[in-house]
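Written below as structure tokens is the structure these notes are about.
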Amino acid sequence: RQERVTEAAVSKETLEDPEARIEYEQFELLIQRAVALSGNPAVGMRLADQLPITTHGLLGYAAMSSETLEEALSFVTRFVPTRIPVLVAELSVDEGIATLRIEEAAVLGEVRATILETTVGALHATARFLTHDEFEFGELRFPYKEPDYVEEYRSEERRVGKECRS
């Protein structure tokens with residue numbers, strides 16, 4: 001851990017401070033080092049596993065107090081940029097089918113997949129928490145080639161999506 005922190009020029013105190021902010025370049029380097037050191041290109045899903053709804057502070061608590069999943073996801077998508085400023089999210093519901101669209105507000109570079117997969121994984125975990133594990137994406141589409149680890153998304157344990165494609 002200290003090797004990644006040193007290379008990205010992020011102090012231990014900064015990493016331990018939940019209110020601290022770092023530059024995108026530092027964040028990108030930390031993600032790249034996490035993937036390299038773990039040897040796991042699916043590190044985004046692992047990061048999402050570490051982000052329960054309560055780690056998002058007031059945003060998480062507001063989602064938890066919502067009366068419906070649609071209300072919670074509407075609120076969360078509206079404030080995605082406060083959690084990760086390089087993304088914008090939009091929720092639309094048409095004839096009972098919800099579509100959640102996440103778009104890049106900046107060029108994400110080499111960490112694009114990790115950032116998008118972490119965000120989708122965290123939103124999925126939030127929806128599952130709010131529905132007592134009943135929620136499942138029907139389909140996921142990512143703006144890049146299907147990764148070799150796509151089966152991890154489809155696993156019974158994750159139940160992220162029946163269909164995962166680029």
Side-chain angles (χ1 to χ4, degrees), residues 8 10 14-15 17-35 41-131 135-147 149-150 152-153 158-166:
V10 179
T14 298
L15 283 179
D17 179 1
E19 300 300 318
R21 300 290 179 253
I22 60 174
E23 296 296 319
Y24 179 75
E25 292 76 18
Q26 294 171 301
F27 175 71
E28 184 176 29
L29 186 54
L30 287 172
I31 296 295
Q32 288 171 339
R33 294 295 296 149
V35 170
V43 77
M45 288 190 292
R46 305 293 176 258
L47 289 171
D49 290 343
Q50 303 303 311
L51 298 171
I53 194 169
T54 55
T55 62
H56 302 290
L58 292 175
L59 180 58
Y61 291 110
M64 288 170 56
S65 66
S66 297
E67 290 189 29
T68 65
L69 180 59
E70 181 180 349
E71 182 181 301
L73 289 178
S74 292
F75 188 79
V76 168
T77 56
R78 182 173 159 207
F79 291 98
V80 160
T82 66
R83 299 298 297 149
I84 183 152
V86 295
L87 298 178
V88 176
E90 175 187 336
L91 177 71
S92 61
V93 179
D94 185 30
E95 296 183 24
I97 303 293
T99 301
L100 176 62
R101 182 180 194 92
I102 299 171
E103 295 190 11
E104 302 162 55
V107 176
L108 302 181
E110 291 180 39
V111 297
R112 179 186 203 197
T114 303
I115 290 173
L116 292 173
E117 291 166 11
T118 301
T119 303
V120 168
L123 288 168
H124 181 255
T126 295
R128 288 185 53 90
F129 175 85
L130 295 172
T131 62
F135 178 83
E136 183 176 339
F137 286 122
E139 179 180 358
L140 288 174
R141 294 183 193 177
F142 290 96
Y144 46 85
K145 182 180 164 281
E146 186 175 277
Y149 51 87
V150 71
E152 287 190 47
Y153 282 107
R158 289 204 180 276
R159 295 189 293 153
V160 174
K162 296 173 188 154
E163 290 244 358
C164 242
R165 48 188 170 156
S166 301

Output every pair passing ring-ring contact (aromatic ring centres under 6.0 Å, His included) with a member in residues 86-118, not counting sequence neighbours, ordered by first then second residue.
-> none
Are any non-hydrogen side-chain atoms of Val76 and Ser66 less than 4.5 angstrom apart?
-> no
Quick one: pull up CG in Leu58 and CZ in Phe79 and give me the separation to the nearest 0.5 Å.
-> 10.5 Å
Side-chain touch Ile31/Leu47, heavy atoms, less than 4.5 angstrom = yes
Rounded to the nearest 0.5 Å, what separation is found between the OG1 atom of Thr55 and the CZ atom of Arg83?
-> 6.0 Å
Smallest heavy-atom separation, Ala72 atom then Ala63 atom, equals CB-O, 3.6 Å
Write down the atom of Glu103, the atom of Arg101, and the distance for their closest heavy-atom approach.
-> OE2-NE, 2.6 Å
What is the distance from atom CE of Met64 to atom CZ of Phe129, rounded to the nearest 0.5 Å?
-> 4.5 Å
Enter the distance from Leu73:CG to Leu123:CG here, rounded to the nearest 0.5 Å.
-> 7.0 Å
Within a strict 4.5 Å, meaning less than it, do heavy atoms of the Met45 and Tyr149 side chains meet?
-> yes
Looking at Glu90 and Thr77, what are the two nearest heavy atoms and their distance?
-> N-CB, 4.4 Å
What distance do Ile53 atom CD1 and Arg128 atom CZ have between them, rounded to the nearest 0.5 Å?
-> 13.5 Å
Pro85 and Ala105: which non-hydrogen atoms are nearest, and at how many Å?
-> O-CB, 4.1 Å
Report yes if the side chains of Thr99 and Asp94 come closer than 4.5 Å at any heavy-atom pair, otherwise no.
-> no
Set of residues satisfying side chain to side chain donor-acceptor pair (under 3.5 Å) with respect to Glu104, sequence neighbours excluded = Arg112
Side chain to side chain contact (heavy atoms under 4.5 Å, CB included) between Ile102 and Thr119, worked out = CA-CA 9 Å; Ile102 299 171; Thr119 303; 4.0 Å; yes
Could you grab the distance from atom CD1 of Ile84 to atom CD1 of Ile115, nearest 0.5 Å is fine?
-> 5.0 Å
Side chains of Leu108 and Leu87: does their closest heavy-atom pair fall under 4.5 Å?
-> yes
Hey, could you give me each pair passing ring-ring contact (aromatic ring centres under 6.0 Å, His included) that has a residue in residues 84-118? Not counting sequence neighbours.
-> none
Side chains of Val111 and Tyr24: closer than 4.5 Å at any heavy-atom pair?
-> yes
Are Phe27 and Val86 side-chain neighbours, meaning at least one heavy-atom pair lies under 4.5 Å?
-> no
Flag yes if more than 12 heavy atoms outside Tyr61 fall under 6.0 Å of its OH atom; otherwise flag no.
-> no
Are the side chains of Ile22 and Leu30 in touch, meaning some heavy atoms are under 4.5 Å apart?
-> yes
Does a sphere of radius 6.0 Å around CD in Glu23 hold more than 12 heavy atoms from other residues, nucleotides or ligands, not counting ones at 6.0 Å or beyond?
-> no
